[in-house]
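A note on names: the letters A, B, ... follow the listed sequences, proteins ahead of strands, and every chain is numbered from 1.
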2 protein chains.
Amino acid sequence: MTTSDFSELERRADPMSPHAPSRTKRGQATQRKLLEAAEEVFAELGYHEASIVKITERAGIGLGTFYLYFDSKQTIFEALVIDLNRRVRRSMAEAMEGASSRLEAERAGFAGFFRFTAEHPALYRVVREAELVSPEALHLHYSRIVAGYVEGLRRAQVAGEVSDIDPEVAAWALMGIGELVGARYILWERDAHGRRPEQIDPHVLDHMMRFIETALAPRPTGAPTPEDPS
Amino acid sequence: MTTSDFSELERRADPMSPHAPSRTKRGQATQRKLLEAAEEVFAELGYHEASIVKITERAGIGLGTFYLYFDSKQTIFEALVIDLNRRVRRSMAEAMEGASSRLEAERAGFAGFFRFTAEHPALYRVVREAELVSPEALHLHYSRIVAGYVEGLRRAQVAGEVSDIDPEVAAWALMGIGELVGARYILWERDAHGRRPEQIDPHVLDHMMRFIETALAPRPTGAPTPEDPS
DNA sequence: CACAAACCTGAGACCTGATTCAGGTAACGG
DNA sequence: CCGTTACCTGAATCAGGTCTCAGGTTTGTG
């Protein structure tokens, strides 16, 4: 199922396609500036308070130029979701590189996710609004992350490192945990000076990982059956 | 921390306070019609596509009347979050009534949550947008649910039914799971006719509960727990 | 240093939607 | 069936957005 086809969305959100400047360095720089400005503006103001004018101003670019690169506000929003999604997955993958056990990898992956969250609050806010602004983009975002999890869980199950729980259900549960814990303990947390922490509280990460590890741990063989004794 | 003061928000979102019709049945009915219409319109269109005109039209009420009951679009949105929050907690509490074990209660609570989600997609969508439209309202929503969880977990820990994990971290994790699993398997799920399921897939609920139960289970401290009922 | 080609620009035409206000309409005790 | 209170109404005002277009500016090349 998670194999939905997002090619149409990606085509639409790809600034290179219908419009076509950016054959030169200069054009590509402009496009990048627009995406970066959009990330900031959407993160600060949200979709409906953001405006093309504000984005182009922040990018230091003329209003008209915007339309050489994107069809509309919706389009740049979708492009941003796709871009952030790519980057957060890269961040997680890099963090997991070189982990030797599943457990270690899991923890590293979450650490990577939280680091990205702290550095790019836009991910969170943009994804939240995507529910209504562009459900397609939202599904793409979640599906791609879940796909990665499912694959990892499957492998770990084969290796006997994870119980025989449905990997897809587990993957969505894990994402839910990461999302809300990240929101609560990074984005909404403030120190005495009203500043956001740059890292998640280690105590929180520990307890969260313990929760997850326990949940996924393989059952001792010969243990009672999964059926509840009602 | 969860002890934040939301009284200012509630005062603002309370339609009875600065404006003050609705001393009679008639006025109260009008106000209820507005909230119901807002729930539908916000759920369908999202905050920025919704408009006062659309809300009053749906409510079958004159445009000007809106301002006798709410200050602004933002105010009715906040009132709606508070209202939905109250109702979903009631729904969960009712579902849990009469459960004998913690495990049973947990499952019932989630079932209540999922039932409410299926019947009132507005909860989900409104809460998602609240991140940017009204962070205060969002925090109120989550804090109140988490507070309930924390209390339940604490009691269960005292009774030895739950491990000594930090109850607050666990509570946010549980909410995250419920939220994303609910979104994925109720709101985004479609049958052959493109219809949303009215209930969550039992298979999914089973695996999700297994995940949660395992995560929270008290650690076998040397000897097996004196549990094993039936 | 011309001359394309590739980019950039922002005033203004055109919308959309929140909010006000001057003037109704319904409800009900007496 | 009148008076008073409690509600209701939508045209008009106004702030702010999107998107177009006729005309610059910059870059690269012979």
Side-chain angles (χ1 to χ4, degrees), chain A residues 12-38 41-42 44-80 129 132-134, chain B residues 12-13 15-38 40-42 44-80 129 132-134:
Chain A
R12 235 178 33 226
D14 181 359
M16 298 309 196
S17 79
H19 317 258
S22 57
R23 266 176 282 216
T24 69
K25 291 255 146 99
R26 192 187 172 199
Q28 292 187 5
T30 302
Q31 193 213 111
R32 196 158 12 85
K33 275 191 272 180
L34 279 171
L35 264 180
E36 275 163 18
V41 174
F42 280 132
E44 277 168 31
L45 270 24
Y47 187 80
H48 77 278
E49 284 287 325
S51 72
I52 313 282
V53 180
K54 282 172 188 152
I55 292 172
T56 51
E57 263 170 9
R58 175 89 52 131
I61 273 175
L63 168 56
T65 308
F66 178 89
Y67 293 91
L68 296 175
Y69 293 90
F70 300 95
D71 280 332
S72 62
K73 194 172 158 184
Q74 167 108 15
T75 310
I76 196 175
F77 183 87
E78 285 167 357
L80 183 58
E129 290 216 287
L132 288 127
V133 173
S134 174
Chain B
R12 237 181 29 229
M16 296 310 196
S17 78
H19 315 258
S22 57
R23 262 178 284 219
T24 68
K25 288 260 145 97
R26 193 186 172 198
Q28 293 188 6
T30 303
Q31 192 213 115
R32 195 160 10 87
K33 274 191 272 180
L34 279 171
L35 263 181
E36 274 162 19
E40 291 174 27
V41 174
F42 280 132
E44 276 167 33
L45 270 23
Y47 188 80
H48 77 277
E49 285 288 324
S51 72
I52 312 283
V53 181
K54 281 171 189 153
I55 292 173
T56 50
E57 262 171 8
R58 176 90 53 131
I61 273 175
L63 169 56
T65 307
F66 177 90
Y67 291 91
L68 297 176
Y69 293 90
F70 299 95
D71 279 331
S72 64
K73 196 173 157 183
Q74 167 108 17
T75 310
I76 196 175
F77 183 86
E78 286 167 354
L80 183 58
E129 290 216 288
L132 288 128
V133 173
S134 176

Inset, instruction - Could you work out which one of C:dC7, D:dC8, D:dC7 sits closest to the side chain of B:Thr24? - result: D:dC7
Can you tell me how far apart [atom1] ([X]) and [atom2] ([Y]) are? Round to the nearest 0.5 Å.
X: A:Arg32; Y: A:Leu34; atom1: CZ; atom2: CG; value: 11.0 Å
X: B:Glu129; Y: A:Leu132; atom1: CD; atom2: CG; value: 4.5 Å
X: B:Lys54; Y: B:Glu40; atom1: NZ; atom2: CD; value: 14.5 Å
X: B:Thr75; Y: B:Tyr69; atom1: OG1; atom2: OH; value: 15.5 Å

Rounded distance (Å) that lies between atom [atom2] of [N] and atom [atom1] of [X]:
X: A:Ile55; N: D:dC19; atom1: CD1; atom2: C1'; result: 14 Å
X: A:Leu68; N: D:dG24; atom1: CG; atom2: P; result: 17 Å
X: B:Lys25; N: C:dC28; atom1: NZ; atom2: C1'; result: 15 Å
X: A:Gln74; N: D:dC19; atom1: CD; atom2: P; result: 10 Å
X: B:Phe66; N: C:dA18; atom1: CZ; atom2: P; result: 9 Å
X: A:His48; N: C:dG17; atom1: NE2; atom2: P; result: 13 Å
X: A:Leu34; N: C:dT9; atom1: CG; atom2: C1'; result: 13 Å
X: A:Glu57; N: C:dG10; atom1: CD; atom2: C1'; result: 11 Å

Legend entry - Geometric class of the A:Tyr47/A:Phe42 ring pair [parallel <30°, tilted 30-60°, perpendicular >60°]: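 It falls in the parallel class, under 30°.
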Legend entry - Under 4.0 Å protein heavy-atom contacts per nucleotide of nucleotides 10-18 of chain D, with B for base, S for backbone only and - for none: BB-----SS
Legend entry - Note: A:Arg58-A:Glu44 ion pair, threshold 4.0 Å (strictly below):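 Yes, charged N to carboxylate O under 4.0 Å.
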